[in-house]
Amino acid sequence: MYPVIAIDGPSASGKGTIASRVANALGWAYLDSGALYRVSALYAKQNGVDISDEKSVSQLVRNMPVSFLDGQVRLNNQDVSLDIRREEIGMLASRIAALPEVRQALLQLQRDFAVKSPVVADGRDMASVVFPEAQLKVFLQADAHIRALRRAKQLGLASDEEQFEKILHDIEKRDYADYNRAVSPLVKVESAYTLDTSNITIEEAVKKVIEWYQQVKK
Ligand code: C5P
């Protein structure tokens with residue numbers, strides 16, 4: 001196995017941006033494990049599979065024609081990178097992610113990334129389940145209001161108070177589901193470094209993670 005930096009944290013904590021920039025800076029691969037759960041949800045929806053039918057969803061996911069190419073997420077060779085970012089798909093992904101057989105089906109797919117090259121992986125259980133041997137484990141935190149504001153800006157809805165309240169509500173709902181589910185809940189493992197991104201820039205966060213990696217690899 002190649003070296004791994006595992007970055008976990010709640011929705012909109014900056015994981016994706018920080019992890020992909022760290023990967024870029026180090027010349028490593030980037031695994032967006034949330035995208036795997038999202039694409040699984042989209043695939044189940046496209047195939048009309050009942051999201052609560054664990055057996056059928058896990059079987060479907062096991063043979064999912066997914067690939068990650070040039071920063072794109074591809075399903076059946078179609079670029080679905082934007083489709084999977086929809087809030088509806090995020091919610092479905094969160095439900096699918098609570099099914100143990102689905103998590104099991106996606107486990108090897110994720111571990112295979114580190115068989116091919118060093119990898120920066122982001123998600124909810126990178127340090128606790130998928131890469132417990134990771135060289136560096138980072139747990140990201142950020143205030144829920146700040147995360148909702150970031151998401152609203154991303155969606156171009158920063159000045160709409162009603163939309164903001166809805167985004168905040170969705171983030172809190174997803175946090176609750178991710179922290180409280182029975183299998184692989186979002187958790188900070190003891191050996192993880194905590195990084196609160198509420199009041200720092202992306203550049204500062206990236207710099208910190210790389211600094212920590214330089215320290216631990218010695
Ligand atoms: O990180 P992102 O918001 O794209 O993840 C979508 C959903 O997938 C999360 O709400 C979470 O429930 C699930 N997920 C997970 N384990 C991971 C990554 C994501 O359960 N490693």
Side-chain angles (χ1 to χ4, degrees), residues 1-38 40 68 71 73 90 93-94 97-98 100 102-144 146-147 150 171 174-218:
M1 261 234 320
Y2 282 96
V4 174
I5 296 178
I7 303 185
D8 291 300
S11 186
S13 56
K15 294 185 307 290
T17 313
I18 293 165
S20 63
R21 291 204 193 177
V22 170
N24 234 332
L26 296 172
W28 291 16
Y30 165 52
L31 164 62
D32 174 359
S33 65
L36 265 183
Y37 286 93
R38 286 172 178 270
S40 302
F68 294 86
V73 184
S94 198
V102 174
R103 302 200 73 87
Q104 192 57 38
L106 293 177
L107 191 57
Q108 200 53 46
L109 209 78
Q110 297 173 80
R111 288 190 174 150
D112 283 348
F113 273 75
V115 173
K116 292 181 216 137
S117 82
V119 64
V120 182
D122 88 54
R124 305 294 191 287
D125 61 344
M126 296 300 97
S128 58
V129 177
V130 182
F131 300 113
E133 308 296 330
Q135 273 69 12
L136 173 67
K137 299 172 180 176
V138 178
F139 191 81
L140 293 185
Q141 281 176 346
D143 177 80
I146 290 179
R147 287 186 284 133
R150 286 178 186 159
I171 280 185
R174 200 125 66 86
D175 279 0
Y176 184 84
D178 288 345
Y179 276 110
N180 292 289
R181 67 176 175 228
V183 277
S184 301
L186 172 59
V187 64
K188 177 192 169 309
V189 297
E190 221 174 277
S191 54
Y193 290 67
T194 302
L195 183 58
D196 192 317
T197 65
S198 303
N199 299 306
I200 61 170
T201 63
I202 305 261
E203 289 72 24
E204 286 168 329
V206 170
K207 194 164 160 245
K208 194 78 219 162
V209 174
I210 293 175
E211 253 172 48
W212 280 335
Y213 179 66
Q214 305 297 358
Q215 282 167 18
V216 296
K217 80 167 191 190
K218 279 181 191 153

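Given the structure is predicted, the values throughout are model-derived calculations rather than measurements.
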### Task
Answer yes or no: are there more than 12 heavy-atom neighbours, outside Gln104 itself, under 6.0 Å from its atom CD?
no
#### Entry: Heavy-atom closest contact (Thr197 atom, Ser13 atom, distance)
OG1-O, 3.0 Å
### Message
According to salt bridge (charged side-chain N to carboxylate O under 4.0 Å, His left out), does anything in residues 23-38 pair up with another residue at least two apart or in another chain? List the pairs.
### Response
Asp32-Arg85
### Message
With a sphere of 6.0 Å drawn around CG of Asn180, does it hold more than 12 non-hydrogen atoms of other residues, nucleotides or ligands?
### Response
yes
### Query
So, for Met126 and Ala6, which heavy atoms are closest and what is the spacing to 0.1 Å?
CB-CB, 3.7 Å
### Task
Just jot down the side-chain hydrogen bond (donor to acceptor under 3.5 Å, both in side chains) partners of Thr201, sequence neighbours excluded, or say none.
Glu204
### Task
May I have all residue pairs that pass salt bridge (charged side-chain N to carboxylate O under 4.0 Å, His left out) and include part of residues 102-123, sequence neighbours excluded?
Arg103-Asp125
### Query
Would you say Ser94's side chain and Gly90's backbone share a donor-acceptor pair under 3.5 angstrom?
no
### Message
Between Val130 and Ser33, is the side-chain contact (heavy atoms from CB on, under 4.5 Å) condition met? List the steps.
### Response
CA-CA 10 Å; Val130 182; Ser33 65; over 6 Å; no
### Task
State, to 0.1 Å, how close Ala127 and Val189 come at their nearest heavy-atom pair, and which atoms those are.
CB-CG2, 3.9 Å
### Query
How long is the span from the OG atom in Ser40 to the CG atom in Leu106, to the nearest 0.5 Å?
4.5 Å
### Task
Would you please name every residue forming a side chain to side chain contact (heavy atoms under 4.5 Å, CB included) with Pro185, sequence neighbours left out?
Arg181
### Query
Can you list every ring pair (Phe, Tyr, Trp, His ring centres under 6.0 Å) pair that touches residues 2-27, not counting sequence neighbours?
none
### Under the side chain to side chain contact (heavy atoms under 4.5 Å, CB included) test, residues paired with Asn24 that sit two or more places apart
none
### Query
Going through the checks in order, is the side-chain contact (heavy atoms from CB on, under 4.5 Å) test met by Val138 and Ile18?
CA-CA 11 Å; Val138 178; Ile18 293 165; over 6 Å; no
Let me have the donor-acceptor pairs involving side chains of residues 210-217, under 3.5 Å, with sequence neighbours excluded, atom names and distances please.
| unit_1 | atom_1 | unit_2 | atom_2 | d |
| --- | --- | --- | --- | --- |
| Glu211 | OE1 | Lys208 | NZ | 3.3 |
| Gln214 | OE1 | Lys217 | NZ | 3.4 |

#### Entry: Residue pairs, two or more places apart or on separate chains, that pass ring pair (Phe, Tyr, Trp, His ring centres under 6.0 Å) and touch residues 113-144
Phe68-Phe113
### Task
Not counting sequence neighbours, which residues clear salt bridge (Lys or Arg N to Asp or Glu O under 4.0 Å) with Glu133? List them please.
none
#### Entry: Greater than 12 external heavy atoms within 6.0 Å of Tyr179's OH
yes
### Message
Distance check, rounded to the nearest 0.5 Å: Lys137 atom NZ versus Glu190 atom CD?
### Response
10.5 Å
### Query
Taking the side chain from Lys188 and the backbone from Asp8, do they hold a donor-acceptor pair closer than 3.5 Å?
no
### Criterion side-chain contact (heavy atoms from CB on, under 4.5 Å) on Ile5 and Leu26, from CA distance to verdict
CA-CA 11 Å; Ile5 296 178; Leu26 296 172; 3.8 Å; yes
### Summary
Residues passing the side chain to side chain contact (heavy atoms under 4.5 Å, CB included) test with Ser198, sequence neighbours excluded, are Ala142, Asp143, Ile146, Asp196
### Message
For the backbone of Pro10 and the side chain of Asp175, can you confirm whether one donor and one acceptor N or O come within less than 3.5 Å of each other?
### Response
no
### Message
Strictly by salt bridge (charged side-chain N to carboxylate O under 4.0 Å, His left out), give each pair with a member in residues 15-28 just once, sequence neighbours left out.
### Response
Arg21-Glu203
#### Entry: Closest non-hydrogen atom pair, Ser184 against Val129
OG-CG2, 3.6 Å
### Message
Going by the rule side-chain hydrogen bond (donor to acceptor under 3.5 Å, both in side chains), which residues pair with Thr17 if we only count those two or more places apart in sequence or in a different chain?
### Response
none
### Task
Work out which heavy atom in Val119 is nearest to a heavy atom in Ala114; give both atom names and the distance.
CG1-CB, 3.9 Å
### Task
Compare every heavy atom of Ala12 with every heavy atom of Ile171, then report the nearest pair and how far apart it is.
CD1-CB, 4.1 Å
### Task
Tell me, yes or no, whether the heavy-atom count around Lys207 atom NZ, taken from other residues, nucleotides or ligands under 6.0 Å, exceeds 12.
no
